[in-house]
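Letters A, B, ... are given to chains in the order of the sequence lines, protein chains preceding strands, and every chain is numbered from 1. Predicted model, so just to flag it, every value in this text is computed and none were measured.
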Amino acid sequence: MGRIELNPARPLARDPAFARYSRAEVRSVDNKTMARLLSETADLLEIDNADSFRIRSYRRAADAAEQTTVDLVEAAGDAARLMEIDGIGKGMAARLQSMARTGSLEQRDELLKKYGGGVLELLKLPGMGPKTVALLWAAAKIGSIDQLWEAIGGGRLNGLPRMGAKQVERLRKGIEDYRRSAGRFRIDRAAEEAERIAAYLLKLDGIDRVTPAGSLRRGRETVGDLDLLATGPACEPGRTEAAVAHVAAYPGIHDMIVKGENKVSFHNGEGMQVDVRLLPTASYGAALQYFTGSKGHNVALRQRALKMGYTLNEWALARLDDGSAVAGASEEEIYAALGLTAMAPELRENLGEIECAARGELPQVIALEDIRGDVHMHTTASDGRSSIREMAEAAAACGYEYIAITDHSKNLAMTGGIGREAGVGADRGGAGGGPRAGGPDSRVHRNRGRHSGRRDARPCR
DNA sequence: GCCGTTTTCGGCCCGACTGTTTTCAGTCG
């Protein structure tokens with residue numbers, strides 16, 4: 001078994017959650033995909049003005065699919081097992097089975113035929129809900145963000161119900177904001193995809209190591225393209241045929257962009273571009289440095305190399321006079337040859353880190369081990385999924401010194417809320433997959449990672 | 001569409017806020 005790492009200092013392969021993941025068979029449909037299909041169906045049904053309780057059932061099923069510890073594809077052969085999951089009845093069990101078999105959901109496909117896929121994107125605009133989407137569709141056949149943009153420019157929204165000047169301006173600004181962030185993916189989603197693909201790549205004898213590079217490795221909040229660097233005997237020049245074929249056979253590929261000798265690029269089902277590069281071991285460090293970036297950091301680093309009589313590219317750090325390689329197998333030796341302390345990827349944004357490294361005064365990056373506590377936790381007293389005791393025990397297992405329970409008050413009625421009689425807020429699963437007192441799912445609240453300020457949502461190593 | 005119960009059918013979460021309208025509809029959490 002080879003290695004997968006987000007940061008060489010913290011190999012993911014040691015992560016128990018990851019270890020479980022890497023053993024799983026890579027499939028194009030999983031629990032998360034099913035949850036998304038169900039949730040989108042609920043959105044489309046709302047636009048279609050379907051029965052609100054039927055819509056709620058789809059949302060509950062989506063939440064159930066997202067949260068359950070049951071592998072739905074594996075369980076799909078037994079409807080009774082699916083129906084043991086809270087929120088999954090006879091109808092939803094059949095839909096889960098169908099999704100496991102075909103990768104799609106018939107109800108969703110039919111509604112998409114009627115309205116087009118653009119309406120799901122419209123819902124991502126702030127202040128845009130299903131009623132407004134339905135209104136725009138009925139009044140002006142607006143079914144996408146581009147069409148809405150044109151309609152706003154042409155003044156075609158004037159006179160529509162609830163479309164005053166403020167609302168139109170809000171939509172216009174919402175589109176501008178959306179377009180600025182479009183095409184990028186949250187780091188947690190990119191990391192999940194990186195782990196999934198890396199686990200698949202490592203199944204080939206001859207690929208020993210896979211490392212995500214780019215903005216994912218630098219810990220940015222969002223990722224554009226996903227860069228994965230692979231090394232091993234099957235990645236050496238002239239011997240990459242089997243590795244290229246293996247990458248190209250990855251089941252999550254939606255469409256192929258490039259298939260060359262050293263690089264395979266494709267889009268996955270979510271539209272994320274993935275670049276897999278096969279690299280010789282001798283150049284691994286240079287390539288890792290080059291593809292990790294950032295662009296500004298690399299430009300500054302190359303300028304420093306030139307001043308020192310070197311040239312730096314993705315293959316090696318080499319002398320300018322005779323072209324002989326000075327370093328390339330590891331990042332550390334490249335930085336050392338340039339008179340710099342090796343630095344964490346998170347620091348490489350050309351914000352003075354090169355000058356600091358030259359002086360030996362690099363700041364220390366906060367690591368998971370530095371987190372001492374968590375001050376935002378919800379429990380089954382409101383909309384969390386674990387009891388205070390379970391939360392405290394999980395925190396203790398992480399080595400935390402303190403936690404703060406921050407349950408909702410009863411003013412936020414949909415979450416149950418503390419201040420009510422014991423059990424009132426916990427006896428039913430509410431919207432958003434609400435509390436389940438005594439339920440089998442003892443995972444900590446999903447907000448934990450976010451509010452801890454970590455990019456890695458996992459609570460423990 | 002699910003759940004609990006009445007084993008066949010009724011019930012299913014709620015308030016603040018905003019914009020638009022003038023008492024309400026829609027979104028958000």
Map A:G127 and A:G164 onto DNA chain B by nearest heavy atom, then report which one ends up closer to the 5' terminus.
-> A:G164
Of A:A165 and A:P126, whose closest DNA chain B nucleotide lies nearer the 5' terminus?
-> A:A165
Side-chain ([X]) to main-chain ([Y]) donor-acceptor, under 3.5 angstrom:
X: A:T132; Y: A:M128; answer: no
X: A:E353; Y: A:E349; answer: yes
X: A:R218; Y: A:T292; answer: yes

Counter-base of B:dT8, judged by Watson-Crick or G-U geometry with both distances under 3.5 Å = none
Taking [M] as the reference, what is the distance to [N] when you measure between their [atom1] atoms (whole Å, please)?
N: B:dG10; M: B:dG15; atom1: P; answer: 26 Å
N: B:dG29; M: B:dT23; atom1: P; answer: 30 Å
N: B:dA16; M: B:dC12; atom1: C1'; answer: 23 Å
N: B:dG1; M: B:dT8; atom1: C1'; answer: 16 Å
N: B:dT22; M: B:dC17; atom1: P; answer: 23 Å
N: B:dC14; M: B:dC9; atom1: C1'; answer: 26 Å

Rounding to a whole Å, what distance do you find between [X]:[atom1] and [N]:[atom2]?
X: A:R59; N: B:dG29; atom1: CZ; atom2: P; result: 13 Å
X: A:K131; N: B:dT18; atom1: NZ; atom2: C1'; result: 18 Å
X: A:M163; N: B:dT27; atom1: CE; atom2: P; result: 9 Å
X: A:L157; N: B:dG19; atom1: CG; atom2: P; result: 16 Å
X: A:Q167; N: B:dT21; atom1: CD; atom2: C1'; result: 14 Å
X: A:M128; N: B:dG19; atom1: CE; atom2: C1'; result: 14 Å
X: A:R162; N: B:dT21; atom1: CZ; atom2: C1'; result: 12 Å
X: A:E106; N: B:dG1; atom1: CD; atom2: P; result: 12 Å

Using 4.0 Å as the upper bound for N to carboxylate O, is an ion pair formed by A:K173 and A:E176?
-> no
For B:dT27, does OP1 or OP2 lie under 4.0 Å from any side-chain N or O of A:T132?
-> yes
Look at the aromatic rings of A:Y200 and A:H246 and report parallel, tilted or perpendicular, splitting at 30° and 60°.
-> parallel
With a non-hydrogen cut-off below 4.0 angstrom, is [X] in contact with a base, only sugar-phosphate, or nothing?
X: A:P130; answer: sugar-phosphate
X: A:S52; answer: nothing
X: A:I55; answer: nothing

Is the closest side-chain donor-acceptor distance between A:D48 and A:Y115 under 3.5 Å?
-> yes
